[in-house]
Amino acid sequence: MATRNPRMHGKVEGAAGPCAVPGCKQPGEYKAPIQPANFDGPGRWRLMCLDHVREHNNGYNFFEGWSAEEISEAQSPLAGWERATRAFAHAGGDPPPAWRDFSDPLDAIAARFRRQREEDARSRFTRPERRALSVLGLGEATDRKALRQRYSQLLRRYHPDRNGGDRSHEKRLAEVIEAYQTLKTAAAFA
Ligand SMILES: [Zn+2]
């Protein structure tokens, strides 16, 4: 890896235009590499907002929880791609889409963005709350009682103190607890 450069590689200072994802009103401040099928070096860029450059670069969840600075550093030429590739190899859950699956990743991001806005308009829950519901296997119709029931059911299933000492579900248990923490204060339950 190249020496750490404190400069923000990915963020473009003074960028004035909007994000490249159609319909997104956020400022396009981050470089999203346009990667051709035979990518062999840093190429052209498209400017996107932070949320969308995260999606663009990560197959939707790779940068979740990263700071803007970490993302920028990962975008430094070549070193960033190498790091991204390694991280992909260890990522759990659904495999992120491969670059070769898209003729243009922007198409996939824009489609997802439209779908999310439709869901925002339809749902009683915020986006993080909807993610939490899906972790718990719950839907839109969930009320506070159903949330608590599901939570205790999953705690019994995954907690080693309650399932005979099986520690193999610790990651899942942490996700369940986090999802419950997110949902227990949901405005939809107020
Ligand atoms: Zn955007």
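In each ligand, atom 1 is the first atom listed, and ligand 1 is the first ligand listed. The figures here come from the full heavy-atom set of this structure, side chains too, leaving out hydrogens, waters and symmetry mates.
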(message) Are C49 and E29 packed together at the side-chain level, in the sense that at least one heavy-atom pair is separated by less than 4.5 angstrom?
(response) no
(message) Surrounding CD of E178 (heavy atoms of other residues, nucleotides or ligands, distance under 6.0 Å), is the total greater than 12?
(response) no
(request) Take the Zn ion (ligand 1) and tell me which protein N, O or S atoms are nearer than 2.8 Å. (result) C19 SG, C24 SG, C49 SG, H52 ND1
(message) Quick test of your reading of the model: are R167 and D161 salt-bridged, counting only N-O distances below 4.0 Å?
(response) no
(message) If we ignore hydrogens and angles and just use 3.5 Å, is the side chain of R156 paired with the main-chain N or O of N163 as donor and acceptor?
(response) no
(request) Keeping the roles fixed (side chain from R46, backbone from A20), state whether a donor-acceptor pair exists under 3.5 Å. (result) no
(request) Check step by step if salt bridge (charged side-chain N to carboxylate O under 4.0 Å, His left out) holds for R127 and D51. (result) CA-CA 13 Å; R127 250 176 238 179; D51 284 345; over 6 Å; no
